[in-house]
Enquirer: 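One structure follows; several queries about it will come next.
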Amino acid sequence: GLQMAKVDPRSTACLPLCPVLPVPNTTPNNPVTGLAYNESTNTLYITDGSNVIRWYSVGGGCQLSLIFRCIPPIGAGEV
């Protein structure tokens, strides 16, 4: 995908808590392929079609702050 939104999981309507925003560092040729969230550290992990893993600080707001990125030594499309 290319867009994301922070939603309240307690709401059955999935109402956004933040505006829908484009996912950083993605394009139609390089979409998001996976997401993971660590609640204890407020860290969002995003993988994309070019095998890059990025992790972002969520910090309670709507903007993501890049912490780090890496490219694992595996074949394209394997992440």
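As the structure is a prediction and not an experimental result, all values here were calculated from the model.
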Enquirer: Only one of Thr43, Leu44, Asn38 forms a side chain to side chain contact (heavy atoms under 4.5 Å, CB included) with Trp55, so which one is it?
Expert: Thr43
Enquirer: Establish, from distance only, whether the side-chain atoms of Thr27 and Asn29 form a donor-acceptor pair under 3.5 Å.
Expert: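 Looking only at side-chain atoms, Asn29 and Thr27 do not form any donor-acceptor pair under 3.5 Å.
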Enquirer: Would you say that Arg54 contacts Asp48 through its side chain, given a criterion of any heavy-atom pair below 4.5 Å between the two side chains?
Expert: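 A side-chain contact exists here, since the closest heavy-atom pair is under 4.5 Å.
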Enquirer: With a 4.5 Å cut-off on side-chain heavy-atom distances among I, L, V, M, F, W and Y, is there a chain of contacts connecting Leu66 to Leu21?
Expert: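 No: no chain of side-chain contacts under 4.5 Å links Leu66 to Leu21.
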Enquirer: Under a 4.5 Å cut-off applied to non-hydrogen side-chain atoms, are Asn25 and Val52 in contact?
Expert: no
Enquirer: For the atom pair OH (Tyr56) and CD (Gln63), what is the distance rounded to the nearest 0.5 Å?
Expert: 11.5 Å
Enquirer: Grab the two heavy atoms, one from Cys18 and one from Ala5, that are nearest each other, plus how far apart they are.
Expert: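 In this case the closest contact between Cys18 and Ala5 is O-CB, 4.4 Å.
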Enquirer: With heavy-atom distances below 4.5 Å as the criterion, would you say the side chains of Leu2 and Val32 are in contact?
Expert: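 When only atoms from C-beta onward are counted, Val32 and Leu2 do not touch, as no gap falls below 4.5 Å.
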Enquirer: Should Ile53 and Ile46 count as side-chain neighbours, where that means a heavy-atom distance under 4.5 Å?
Expert: no
Enquirer: Kindly say whether Gly49 contributes a backbone atom to a donor-acceptor pair with the side chain of Asn30 at under 3.5 angstrom?
Expert: yes
Enquirer: Is there a continuous path of hydrophobic side-chain contacts, each under 4.5 Å between heavy atoms, that joins Tyr37 to Val7?
Expert: no
Enquirer: Which residues satisfy the side chain to side chain donor-acceptor pair (under 3.5 Å) test with Ser65, sequence neighbours excluded?
Expert: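 Side chain to side chain donor-acceptor pair (under 3.5 Å) list for Ser65, sorted by chain: empty.
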Enquirer: Taking all non-hydrogen atoms of both residues into account, name the closest pair between Thr26 and Pro31 and its distance.
Expert: CG2-C, 4.4 Å
Enquirer: What distance separates Leu35 CG from Tyr45 OH, expressed to the nearest 0.5 Å?
Expert: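 These two atoms lie 13.0 Å from each other.
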Enquirer: Scan for salt bridge (charged side-chain N to carboxylate O under 4.0 Å, His left out) pairs involving residues 7-27, sequence neighbours excluded, and state none if there are none.
Expert: Asp8-Arg10
